[in-house]
Undergrad: 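Here's a structure for you.
Quantities reported herein were computed from a predicted structural model and do not represent experimental measurements.
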Amino acid sequence: MPQDFDRALGRLKNDLALTQLKRAILDPTLDATSILALTEEILTLQEQG
């Protein structure tokens, strides 16, 4: 049971981080380098999940 809780909590944190990054990437003031860095973070999180 504790492992299930830890796994669910990890997924929740991962989903929250993805949501925040996806919102951040919509910022019209970002330059290409920043967008690329955010995209790499999103891809990393998606691979983990």
Undergrad: Do L43 and Q46 have side-chain heavy atoms sitting under 4.5 Å apart?
TA: yes

Undergrad: Looking at every heavy atom in both L26 and K22, which two are closest together, and how far apart are they?
TA: CG-O, 3.5 Å

Undergrad: Measuring from T39:OG1 to I25:CD1, what's the distance to the nearest 0.5 Å?
TA: 3.5 Å

Undergrad: Could you measure the distance from the OG1 atom of T19 to the CG atom of N14? Nearest 0.5 Å is fine.
TA: 9.5 Å

Undergrad: Just how far is it from atom CG of L45 to atom CG of D15, taken to the nearest 0.5 Å?
TA: 9.5 Å

Undergrad: Starting at CD of E41, measure out to CG of L36 and round the result to the nearest 0.5 Å.
TA: 10.5 Å

Undergrad: Test your reading of the model: is there a side-chain donor-acceptor pair from T44 to the backbone of E40, 3.5 Å cut-off?
TA: yes

